Structure formats: structure tokens, C-alpha cells
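All remarks here apply to the structure that follows.
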Amino acid sequence: MTAFRKHLEFLHRTDDCRTLSRPADCSPQVVAAEALRAGGHAIEIEPETGREGAPTVPTTPTVTLASGVYGGIDQSRGQHTTDSRHRQRYPWTRLGIGLGIDQDPAYTDVLESLLALGERRDERDVTYVERAADATAQDLRELGLPTPPDEAWPRFTLGLLSIGTDRGTYWAPIHGTVLDGNTIRARVPAAVAERDLLETGTAVTIALGVPPEALAATHLLAITDRLETPIEDRGVGATVPVIPTAGGVVPSSAEVVVETTVADRQPATQSEKREFWERLGGGTTLTLESTSIFAREEPVVPFTPLGVPLSDDLQLAALSLSATLFDRVNSYWGVAPVDWLLLPAEGRLGLCIVASEILYAGFEWQLANLLFSLSDCFDKVLVVDTEISPRNLGRALGDSWVKAHPSRDWLVSEPDAPSARMPTYGRGGGGGESSREDGGETGARLYVDATWDPRWTDEYIAPRVSFDESYPPELREAVRDSWTEFGFEPESMANVGDESESLE
């Protein structure tokens, strides 16, 4: 288990996080959105105690904010270092590091780690330890949460909601606004309300700055089983040490813990921005009244500007859905033909890319239709060969033209399918979500078979051309002689080619 502040410290040590002072003239949400848009580092925003309106009482637990610690980084960018092989960054890299996989985690390892957090356990193996957050705050406003531009109240995101029951504790994602010193208007999964877990007067707990395993598990479980099973019976229950609270158990290393009671269910409220998990499972609004607030010394909590490309909540939702679909399709045929499955979250173009063996003629058609039946978050499926790497989306998209004929391998359905949830586009100027809510718009679905036909023999498939084999032997030998004269090793050319292969 990796505590959130340990995860942040590791990003600093690997030069993947920058520290800023809290700006006096704009919201931290604006700074975070710009950093994500530029594909830059994760950022840590420290409170500025010397400016007007900043906290002056030393014991006030005003939080340090962190953005981009699970998201950011598009596929075309790597950090500029002398050894780029160890500094490549992809949309899943920061979450994979937080899950303790590796400094350069493989994509499928991230998916499998997410699935392990959500898997059912026959026996409970829960560890209880001492609370990390022990300083008491009297007022929610003392936390110093960021207020988005053009809004009146501070907002928290990337939170964990804990609900204690006789069966165990249920965890779910939560975000909301602080209306006053004790009142929170929050958004929680609709499945929680449907199970009657949040009656008026029920004690629930909000935890901020939780371990990456706990935050990722809340998104995965909200998408997969709609909170059917307590976390004590899931893999995350044996992974993350916990402490008991009035609203069930929460991660012991949480930076901020707010114990609350439900004051109102589905209060009248204006439209608000949503976290992306709500596009997958729906949400409902609650009014909560805080009873106790605990914070670590100099607490640090993650936040994300909602609705921004490359945001943490978008990456968590896309990776959770990818892991779920990856598991479902590999369990369908009794074999595991799919090497990887990816929803490129940074584009939000409604695209699902799947690298799979083609078990028989027509298999790609069945695979695409199975994916459409499992999720309505995308309206395009691109099937590629297993030799393609998830780190090389350019190659995957290129194969849609090289290996797929538009008149034969691009198949479009009738325009009677529900609009996909994730894309930003939609008919009538609305987005994917607004189209479904406002008019129930429909559209066509497309799948592209960008794989070599399994009936082809090897001699009909173009060989892959390597760097070394692109030039005649005489020219390669002359170049090696020239390199030797300049003092370089003759093998240097081959090493360059090997490195490019490893980066794919």
C-alpha cells in the first residue's frame, strides 16, 4: 500500500511533479487545468500564508493541493532527460506508480492490478492501524479547499465515501461543494441511493488524500458491481490498512477525514459539473452535515478541475472501464485472445482499441459487437493485431488505413444506437452526456478490422522492416567504418534500432 503523500514524494523524486505557491489572483483550478492541457508535470500547490485572506493560525489545517497525480501526460510527450528510455510517461504511468507496480509500468499490469483490487475474497483479511489524521478542525472552510472560477463555494474532488453497515463497509467515489462551515452538497453514485444505504440521519465519512489503491478501487467497484459487496470482501480490503470511524472504516493514512450525517436526499440544486464516473453509473445529490473533522499535520489532498481533458477523474474512469472490459472479453470464449484493451481518454472521441488474436474468420465482428453490448461509452471499435503496443497509438491508428479497406473492413451500423457517454461531440451541439439526457439522440456505430486476415499465409503478409534492414549491406558497412573512425562503437547503430523497438 502506498500512502498518498508517499506517492507524491516519489513523483517529486523522479522529477514528475512541480511545487507552486497558491496563486492570489486566480483559482488553483485554473492553474491545474492549464498544466493538464499542456501535458506537463503533476503540480503541488502549497498554501501561501503571507497574503491577505490566507490562514494565520498555525494550528489551522489548511491543505496543500495536488493535481495531475493520476492523470495528465499524453502519449506524444516524454520528460526531457538524458536517458529517455526510463523517462517515458503515458496516461496510466502515474496511477501505475501509485499502485506500486513499477516506475515504468506496463499497461496490462495496471489493468490487472485494478482487477485484483476489485476481486472477491473468500476470507476477510483486514488490517486496522492507528489514525494518521489526528488534528481537529472546527470548520470545513478552515481546510482551504479550492473555489472554482465563477463559483461561490469551495469544492473537493477525488474523495472517498465510506458507509458502514452490518455486512461491512461500502466505499464509493464522492465530490461536492462546501456550502458553509458544516454543510456539504455532495454527488455520490446512484447505486448507493438505490440500495437505501443513505437514509436521513445515517452516519457516513468522507476521506480525502487516500492511497491510490483505495481511490482506484472506489471507481472500479462503482462501475463493476454497483456496490454489491463490502470492501472487506474485496482485494482492496486486504491491501489498504484502515481505521474505524462513525461512518465505517476508511484508509488509515487518509490526509483528511470528515465524519458527517445525511441531512437531505436529492435536494433541489442547480446543474453542476460532474466527475467522469457519473457518466458510467449515474449519480445523485446529498446534503451532508459534518460532525467531526480530522486532518494530518500539513495535509495534502488531490483535486482535479472537472471537465478538463487529461484530468485525473477521466483517467481513473477510463482505466477502470478498460480493466472491466478487458476482463469480460477474456472470460467470454473460455480463452484469453485479447492482449490489451484501451479507451484513449485524452481524446474522448468514443474510441475503443483492442489488440486481439483472431480465433477464426468473423471473430473480429463478434468481438466488436460484444464490446458494444457491454458498454455504451464508445461508438467506435478498432481491432488491431497483437503485435501492436498500447504505447504506440500512432501505429494502431495507422493500421486502420494500412490493413483495413474502407469499403470492406470499415463497417457502420444503422443510425439507431444510443449516443455514447464519453465523447465530447453530439448532435445538436450537445456533448455525449447532454445528448442522452436532453433528447435521447442516437447515432451509428463503427468497427474497423485492422488485422491481417487469419486465412492468409505468411508470404502474403508484408514483412516488418527494421532500421538495419532498410539499407544495403555495403552501405551499412561503410557507415560502421565511418563511425569507427569517429571513435564510436560499431554496434551503436544497432543499439539505436533496439531502443526504438523497446519504446514501442
Side-chain angles (χ1 to χ4, degrees), residues 1-23 28-46 63-111 113-114 146 157-158 208-216 253 255 298-305 308-319 342 344-346 389-393 499 502-504:
M1 190 277 297
T2 306
F4 175 70
R5 61 174 55 198
K6 292 294 184 183
H7 172 55
L8 196 61
E9 290 172 1
F10 184 84
L11 295 181
H12 277 293
R13 289 200 303 271
T14 56
D15 194 32
D16 200 20
C17 186
R18 292 285 189 265
T19 301
L20 306 173
S21 294
R22 189 156 181 165
Q29 302 255 359
V30 176
V31 179
E34 180 61 20
L36 289 168
R37 185 199 65 79
H41 298 78
I43 58 173
E44 182 178 0
I45 304 177
E46 295 180 334
V63 298
T64 294
L65 303 170
S67 173
V69 292
Y70 302 123
I73 305 297
D74 67 18
Q75 303 233 8
S76 65
R77 298 177 188 268
Q79 303 301 327
H80 299 290
T81 66
T82 56
D83 187 1
S84 62
R85 289 177 298 175
H86 301 293
R87 302 298 299 142
Q88 292 297 307
R89 290 292 182 264
Y90 300 93
W92 59 85
T93 298
R94 290 171 183 165
L95 178 60
I97 290 172
L99 297 178
I101 298 172
D102 189 61
Q103 183 174 340
D104 184 21
Y107 175 64
T108 52
D109 288 344
V110 175
L111 298 187
S113 295
L114 288 171
T157 51
L158 303 179
L208 305 177
V210 299
E213 294 93 338
L215 185 62
S253 64
E255 298 287 322
E298 298 181 352
V300 53
V301 301
F303 81 104
T304 188
V308 172
L310 297 168
S311 60
D312 291 21
D313 61 309
L314 171 57
Q315 301 288 14
L316 286 166
L319 286 170
L342 176 64
E346 58 271 32
S389 168
R391 299 187 175 206
N392 192 353
L393 288 189
E499 180 177 314
S502 66
L503 292 179
E504 282 191 11

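Scope of the values below: all heavy atoms of this structure, side chains included, with no hydrogens, waters or symmetry mates. Since we're looking at a predicted model, the values are computed, not measured. Numbers for residues simply follow the sequence, beginning at 1.
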Residues in side-chain contact (heavy atoms from CB on, under 4.5 Å) contact with T64, at least two apart in sequence or another chain: E44, E46, P47, V300

Taken in chain and number order and not counting sequence neighbours, the residues that satisfy side-chain contact (heavy atoms from CB on, under 4.5 Å) with E34 are R37

I'd like to know if the side chain of S311 and the backbone of T304 have a donor-acceptor N/O pair within less than 3.5 Å.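 Checking the backbone N and O of T304 against the side chain of S311, no donor-acceptor pair under 3.5 Å is found.
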
Distance in Å, [X] [atom1] paired with [Y] [atom2], rounded so as to fall on 0.5 Å steps:
| X | Y | atom1 | atom2 | value |
| --- | --- | --- | --- | --- |
| L158 | F4 | CG | CZ | 8.5 Å |
| T19 | H41 | OG1 | NE2 | 11.0 Å |
| E298 | R5 | CD | CZ | 7.5 Å |
| I43 | D16 | CD1 | CG | 12.5 Å |
| L208 | T157 | CG | OG1 | 8.5 Å |
| E213 | L114 | CD | CG | 10.0 Å |

Side-chain heavy-atom pair [X], [Y] within 4.5 angstrom cut-off:
| X | Y | answer |
| --- | --- | --- |
| Q103 | T14 | yes |
| T93 | I73 | no |
| V308 | Q29 | no |

Would you call the rings of H7 and Y70 parallel, tilted or perpendicular, taking 30° and 60° as the class edges?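 H7 and Y70: parallel rings.
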
Nearest non-hydrogen partners of [X] and [Y], listed with the distance:
| X | Y | value |
| --- | --- | --- |
| I97 | D102 | CG1-O, 3.3 Å |
| G68 | D312 | CA-OD1, 3.1 Å |
| V110 | I101 | CA-CD1, 3.6 Å |
| R94 | V69 | CB-O, 3.2 Å |
| W92 | P390 | CH2-O, 3.7 Å |
| A216 | L99 | CB-CD2, 4.5 Å |

Please assess S67 against I45 for the test side chain to side chain contact (heavy atoms under 4.5 Å, CB included), listing each intermediate value before the final yes or no. CA-CA 8 Å; S67 173; I45 304 177; 5.9 Å; no

Test side-chain hydrogen bond (donor to acceptor under 3.5 Å, both in side chains) applied to S253 - qualifying residues, sequence neighbours left out: none

